[in-house]
Structure formats: C-alpha cells, structure tokens
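Some notes on the structure that comes next.
FYI, side chains are in, hydrogens and waters are out, and symmetry mates aren't considered; it's all heavy atoms of this structure. All ligand and atom numbering here is 1-based and tracks the order in the structure.
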Amino acid sequence: MQETTEILHSILSDPLTGALSTPIYQTSTFVQDAPGVNKGFDYSRSNNPTRQVLEETIAKLENGAGGFAFASGLAAVDAVIKLCQSGDEIVAVDDIYGGTFRSFEKLYKKFGITVHYTDTTDPENIIDNITPNTKLIWLETPTNPTLKITDIATISKIAKANNCLVVVDNTFASPILQKPLDLGADIVLHSATKYIAGHSDVIAGLIAVKTKALAEEIKFIQNATGSILGPWDSWLTIRGIQTLGLRVEKQCRNAEIIAEYLANKTELQIVNYPGLKQHPNHALASRQQKYFGAVVSFTFKEDTLEKATDFVTNTNLFKLAESLGGVKSLCCHPATMTHKGTPDKTRRAAGINDSLVRLSVGTEDPSDLVQDLEEAFEKIKSIQKTAVLAS
Ligand SMILES: *Cc1c(COP(=O)(O)O)cnc(C)c1O
C-alpha cells in the first residue's frame with residue numbers, strides 16, 4: 001500500500017461508535033469495574049484513547065516499536081535526554097536547534113551530562129568525539145537554517161560499534177522524506193508543531209523508537225514527568241497528519257521552484273537548498289531523502305542586517321514569523337530572530353550570516369510565491385536608491 005493511503009487508513013474509526021473521525025476523549029479519569037480492572041485506561045496522564053491513536057500513528061509512520069506524544073517538541077527532546085544519567089556524554093550536531101542546545105547547556109550540564117558539538121556531515125568527526133561514556137549521538141538533518149545533510153546510516157553503524165544510541169530530530173524532513181529508524185537510528189523525534197500538524201495551530205512533540213525496551217523507557221519517563229499532549233491537541237495533530245503526504249510533497253515541489261529562481265538572482269551570495277546541484281551534500285540528500293525539503297535559505301552579496309530585514313518586511317505572502325512547516329509560507333531573519341541568543345562569532349561560523357533569510361515554503365501556487373519574492377527584491381532596490389539620494 002502507498003504511504004498516503006496507509007496514513008489515512010492506519011487511523012482507525014472509533015471502536016466504540018464507529019465514528020470516522022477520532023473522538024476527543026476529554027476526560028482525566030476512567031470508571032473502573034473493580035480496583036485495577038478497567039478497559040485499558042485508568043488516568044489520562046498514563047494513557048488516553050485520543051492520544052493513543054496519535055502515538056500508534058507516529059509509530060507506524062516511522063516504523064517504530066512504540067510512539068509517544070508530548071506537550072511540545074522540546075518536551076520530547078527533554079524525555080530523550082532523560083535516558084542519560086550523570087557522567088554520560090552526548091555527541092551532537094554543531095548547528096543543533098537552539099532550544100535543544102539551551103536544554104543541554106543550561107539545564108543538564110549541571111546534572112553532569114556533557115555534550116560535544118561537531119560537524120556531523122563528516123562521520124570522522126563523530127568517531128573523534130566518542131568516548132567510553134558516550135550514550136547518545138544526536139543528529140538533525142537537514143539542519144536549521146543552512147540545511148546541512150548528515151549520513152544517518154553511516155553514523156548508525158559507527159554508533160552500534162561503540163554501544164551508543166542514535167537520536168534523529170526529524171522535524172525538518174518529516175517521515176515523508178526520510179525514516180531514520182529504517183536507516184539504523186534508535187530514536188526519532190519531531191516538533192509536530194511544524195510539518196506533522198502542518199497548520200500553525202498547535203504545539204506538539206512526538207517520539208518513535210526502534211525497540212520495545214526503549215519504548216518502555218520512554219513510556220516510563222513520559223508518565224513519570226507528565227509532559228503529555230492533551231486530547232484536543234492530539235486530535236488537531238491527528239487531523240493534520242492525515243494530509244502530511246499531500247502537503248509535504250507540494251511544499252517540496254514549490255521549494256524546488258523557488259530555489260531555482262533564487263539561484264539565478266545576481267544580488268545573492270549563497271542559496272542553501274539540498275536539491276541544488278551546487279549544495280555540498282546534494283548527492284547524499286538525493287540518496288537519503290525522498291524530496292529535498294521545503295525550507296530554503298539565502299544570503300545577499302551585500303551582507304548586512306538591513307538588507308535582510310528590509311527584505312523580510314517587504315514580502316506579502318511570505319509572512320514574517322518564527323516557526324516553519326505550515327501550509328502558509330513564512331520568512332524569518334535568523335540573526336535577529338531564531339538565533340538572536342547565539343554569539344555573533346559562533347553564528348557566523350555556522351554560516352548564519354547577517355543577511356541570511358530563511359523561507360518556509362507553503363502550499364500556495366508557486367507562481368504567486370515567486371512573484372511575491374520578485375516584488376520584495378524590487379522594493380528593496382528602490383529603498384536603497386532612495387537612501388542613496390537622501391545621503
Ligand atoms: C521547533 C523545533 C523544535 C522544538 O519544538 P517545539 O514544538 O517548538 O517545542 C525542536 N527541534 C527542531 C528542529 C525544531 O525546528
């Protein structure tokens with residue numbers, strides 16, 4: 001069965017009533033027939049029928065032995081870090097999501113968990129950073145916002161040989177583009193806020209794991225710490241996931257058109273998109289991913305903050321906002337928004353220049369999106385002309 005069909009039909013109708021849409025079981029507790037004798041549910045932190053449908057769906061989509069839904073992507077990140085104990089080490093991708101970096105450095109460092117950051121596009125760097133204490137190898141591919149690609153299968157082999165677990169934050173790819181567990185990873189997590197829910201209307205996190213043993217560990221952590229996704233938000237995420245395949249394919253096709261358009265703009269310095277032949281990891285992306293993703297970023301030849309801020313305030317369809325992955329296109333300026341807290345030197349070293357603009361491409365008609373960008377480029381040219389005349 002093709003995946004688009006499978007997603008829809010793996011979400012079964014309600015066994016009790018036959019309702020085609022999953023009911024929202026907005027209840028904290030469940031009546032028991034006798035102490036400990038129940039219908040499989042006793043308290044909604046431990047298990048809830050609406051959340052369970054979502055958890056089974058992400059497990060199926062990622063080909064895992066278990067799935068779990070959390071209150072946010074960062075709550076999912078937090079649950080995975082809790083697999084570690086004091087003295088353990090993590091090797092992580094150097095341009096990791098800022099919130100994950102903050103958890104590592106500001107929360108878990110003081111509990112004796114050490115993280116080594118490295119450029120994971122070269123597997124040799126992983127080998128150099130592994131010690132007998134390494135517990136997790138933490139990957140993101142593609143990365144945010146420069147879209148570097150890491151070889152999940154090769155690194156999973158290295159991890160296995162060294163007794164470490166591989167965690168992949170699969171938010172930017174979604175399960176439609178790549179399935180890390182099939183490539184040898186042990187744990188995959190998502191900010192479902194982005195592509196999976198897909199409509200910029202809910203904050204949610206998901207985890208899928210390869211083995212029953214890991215499923216038991218994550219289940220324990222989820223119940224013990226309680227950062228579960230509520231029934232209503234689970235329902236919104238289930239609704240979103242049913243069109244994941246449709247949306248992501250369209251968004252990726254649109255992004256390819258936009259990347260080609262940007263690659264021909266003479267005022268730009270770099271266009272980051274794994275689908276472009278000139279992208280340093282293009283061959284790996286072609287092998288590892290079904291499509292090239294729907295985020296594109298670029299820098300101007302004139303590398304100033306003003307250049308980028310003028311641009312992002314002059315688009316019309318691309319709305320200026322944090323986040324990505326939804327059906328409506330967004331743009332953002334990482335240097336002053338998502339990466340504001342990163343020291344300038346570290347930020348520039350990661351390729352996030354002052355003039356870098358990130359686009360999250362939505363499902364609009366691609367000709368309208370290209371026209372919107374073209375108009376913004378024209379407008380900022382006239383802003384600069386006026387500035388020259390005024391000076
Ligand atoms: C947004 C994001 C997160 C955090 O998810 P929230 O749902 O905002 O808590 C984690 N990882 C990546 C790659 C993200 O883009």
Residues Phe298, Phe311; criterion ring-ring contact (aromatic ring centres under 6.0 Å, His included); working and verdict:
CA-CA 11 Å; Phe298 59 85; Phe311 186 85; 5.5 Å; yes

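- Counting heavy atoms closer than 4.0 Å to ligand 1, residue Thr171 contributes side-chain atoms (C-beta onward) but none from N, CA, C or O.
- Atoms of ligand 1 lying under 4.0 Å from any heavy atom of Ser191, numbered from 1 in the order shown and given with element: 1 (C), 2 (C), 3 (C), 4 (C), 5 (O), 6 (P), 7 (O).
- At the shortest separation from atom 4 (C) of ligand 1 among protein heavy atoms lies Tyr97 CE2, 3.4 Å.
- In terms of protein heavy-atom proximity, atom 7 (O) of ligand 1 is closest to Thr193 OG1, 2.7 Å.
- With respect to Glu55 and Lys219, no salt bridge is recorded, no charged nitrogen being found less than 4.0 Å from a carboxylate O.
- Atoms of ligand 1 lying under 4.0 Å from at least one heavy atom of Gly73, given by number and element, are 5 (O), 6 (P), 7 (O), 9 (O).
- Near Leu74, the atoms of ligand 1 lying under 4.0 angstrom from a non-hydrogen atom of the residue are 4 (C), 5 (O), 6 (P), 9 (O).
- The ligand atoms of ligand 1 that sit less than 4.0 angstrom from a heavy atom of Phe172 are 15 (O).
- A donor atom on one side chain and an acceptor atom on the other are not found under 3.5 Å apart for Asp88 and Tyr108.
- Annotation: side chain of Ser323 is in contact with side chain of Lys194 (closest heavy-atom distance under 4.5 Å).
- Considering backbone and side-chain N/O atoms, Thr100 never comes within less than 3.5 Å of an N/O atom of ligand 1.
- With ligand atoms numbered from 1 in the order given, ligand 1 contributes 10 (C), 11 (N), 12 (C), 13 (C) to contacts under 4.0 Å with heavy atoms of Asp169.
- For ligand 1, one of its N or O atoms has an N or O atom of Lys194 under 3.5 Å away.
- Enclosure of atom NZ in Lys157 is not indicated, since only 12 or fewer non-hydrogen atoms of other residues, nucleotides or ligands lie within 6.0 angstrom.
- Membership of the apolar cluster around Leu356 extends to Ile352, as traced through chained side-chain contacts below 4.5 Å between ILVMFWY residues.
- Electrostatic pairing of Lys379 and Asp310 does not count as a salt bridge here, judged by no charged N lying under 4.0 Å from a carboxylate O.
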